[in-house]
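Counting starts at 1 for both ligands and their atoms, in listed order. These numbers come from a predicted model, not from an experiment.
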Amino acid sequence: MMTFEFNEAFAQSLDTADPLGSFRDQFLVPEKQGKQRMYFLGNSLGLQPKSTAASINTILQHWAEEGVESFFTGKSPWMDLHNALLDQLSVIAGAKPSELSVMNQLTVNIHLMLVSFYQPTGKRKKILVESKAFPSDQYAVHSFLEHLGLDPSEILVEVNSGSENVAMRNEDIVHAIARHADELALVFLGGINYYTGQLLDMQHISKVSREAGAMVGFDLAHAIGNVKLNLHDWDVDFACWCSYKYLNGGPGAVAAVFVHEKHHADTSLKRLTGWWGYEKAERFAMKNSFVPEPDASGWQLSTPSILLYSCLKSSLDIFSEAGWANILAKQEKMMAWLSALISDLGSEYFECLTPDARGCQVSLLFKEKGREVYELLFEKGFMVDWREPNVIRLAPVPLYNTFTEVWHFYSALKAIIFEVYATKKPVQASE
Ligand SMILES: Cc1ncc(COP(=O)(O)O)c(C=O)c1O
């Protein structure tokens, strides 16, 4: 249990002792009138590494000098970039490099994974999802089922927390899997819910899904680069994520998938194919019948964007330099600090929707006037996220946020609460 003092000097002492403190300098922090803003939106769009522009320029230069030969020549041929990304990502995903493929965008990859991992047979046809999944996941699953000529209302089993603003309980998911064990073909959930910030017990959910005879996959948009994952050991069948949030790959960054190695040689899995998934050694032989790369790279379809690869590489280089274990350790400390400060503000004006199982994000549901609070925070230089009906989400990120920024957020919120709810009694805080 960490003990904290609630004052700015203590916050500064946490920053002084922070072994990752200098990494903030590797990012471009948005400014207003020459002053850095307090950016708590790593759950939305991670900040730009200063090295990204140079990485892009290197690709442009290579292209200018060597044209298409750049795929095969120079210090870092473009053909080798994918493997370099896989090596770095494997640490963050808890996977073997061969189980990963960096490709496309997240929603596209959800469709591709559904093609492979939704294998309805006999009465085993159902897909277990969460009722409050991110909309794109819902649209993808619905349209995919309709494309197969199936009625989503007959196929989908939705786990509901009972209320829009309450996190789901892992037990409810586990019970729903048990209840539908004979009918489930697939369990597909968000590893961290985008709205509440809740982190699911993916290891346990994978185990019970497997025992029920269903495949299991996760959308890890809000989990990758944020929390510790062990996708291989958890025996997850597949996962997919975008790279523009905690991975700082830039707007519309190239996404990635995890396909457990136990499926790589399974020819009964259907998949949509394209030439970039062809066995690398023979890809340019232009043969007619498709022979996939013998691992997750076999799910690739198209020539990748080397520019997007280079953006992601810049950020993953920072992760490698900082060390994933160090990043996770700082995340835990920073979130304990934030949680202690939020608790100190009491529960009269807002409640924290995020349970203890979470990553960097917390979601605060205001009882009223949440939008006013959000706008005042914004005016004071805090970049946080607004969600209807009354939710402010924020995510301090270990690579570029500081303990002092978290302190400033607390002090500002305390003052704003006093201002906005002036007719009521001021918030009970420790100072
Ligand atoms: C949980 C989740 N799933 C899916 C998406 C959609 O991702 P994309 O637009 O990259 O397909 C997002 C986007 O933020 C998301 O947060």
Side-chain angles (χ1 to χ4, degrees), residues 40-47 85 89 93 100-115 117 127-144 156 158-159 161 164 167-168 173 186-200 202 205 216-227 229 231 236 238-258 272 299-302 304-305 307-309 311-312 315 353-354 357-363 383-388 391 393-395 397:
F40 292 126
L41 286 173
N43 59 324
S44 178
L45 180 65
L47 286 183
L85 293 172
L89 263 181
L100 301 175
S101 181
V102 177
M103 58 191 212
N104 313 317
Q105 308 293 327
L106 172 51
T107 308
V108 174
N109 288 338
I110 292 174
H111 281 285
L112 295 179
M113 292 295 101
L114 287 172
V115 167
F117 292 98
I127 306 181
L128 187 128
V129 292
E130 60 204 301
S131 60
K132 293 302 293 178
F134 189 84
S136 206
D137 299 44
Q138 300 183 35
Y139 308 151
V141 172
H142 276 247
S143 61
F144 172 75
L156 296 178
E158 289 192 354
V159 185
S161 61
E164 168 163 50
M168 286 182 304
I173 297 171
L186 173 65
V187 173
F188 179 53
L189 299 162
I192 289 189
N193 183 272
Y194 79 101
Y195 182 74
T196 61
Q198 176 188 19
L199 168 65
L200 294 184
M202 288 182 260
I205 292 170
V216 59
F218 293 101
D219 174 343
L220 299 179
H222 289 263
I224 192 79
N226 177 10
V227 292
L229 299 168
L231 298 178
V236 170
F238 74 91
C240 36
W241 54 83
C242 55
S243 312
Y244 43 78
K245 298 177 186 294
Y246 299 99
L247 291 184
N248 314 311
V254 61
V257 298
F258 163 88
L272 296 181
W299 268 263
Q300 294 174 101
L301 297 181
S302 295
S305 162
L307 291 169
L308 294 184
Y309 270 8
C311 292
L312 182 57
S315 174
L353 300 181
T354 314
R358 43 128 177 79
C360 295
Q361 178 187 321
V362 293
S363 305
M383 294 181 74
V384 294
D385 174 88
W386 170 254
R387 280 289 130 169
E388 294 294 343
V391 173
R393 301 184 304 171
L394 65 146
V397 167

Using 0.5 Å steps for rounding, measure from the CD1 atom of Ile192 to the CG atom of Asp219. 11.0 Å
OH-OG distance between Tyr244 and Ser44, expressed to the nearest 0.5 angstrom: 8.5 Å
Against Asn193, only a single residue in Gln198, Glu130, Lys132 fulfils side-chain hydrogen bond (donor to acceptor under 3.5 Å, both in side chains); can you say which? Glu130
Classify the angle between the aromatic ring planes of Phe134 and Tyr194 as parallel (below 30°), tilted (30 to 60°) or perpendicular (above 60°). perpendicular
Against Asn104, only a single residue in Asn109, Val257, Val254, Ile110 fulfils side-chain contact (heavy atoms from CB on, under 4.5 Å); can you say which? Asn109
Can you give me a line-by-line list of nitrogen or oxygen pairs between ligand 1 and the protein shorter than 3.5 Å?
residue, atom, partner, partner atom, Å
ligand 1, 3 (N), Asp137, OD1, 2.9
ligand 1, 3 (N), Asp219, OD2, 2.6
ligand 1, 7 (O), Tyr244, OH, 3.1
ligand 1, 9 (O), Tyr244, OH, 3.4
ligand 1, 10 (O), Tyr244, OH, 2.7
ligand 1, 11 (O), Thr107, N, 2.9
ligand 1, 11 (O), Thr107, OG1, 2.5
ligand 1, 14 (O), Lys245, NZ, 3.0
ligand 1, 16 (O), His222, NE2, 2.9

For Ser136, the side chain to side chain donor-acceptor pair (under 3.5 Å) test, sequence neighbours excluded, returns Thr107
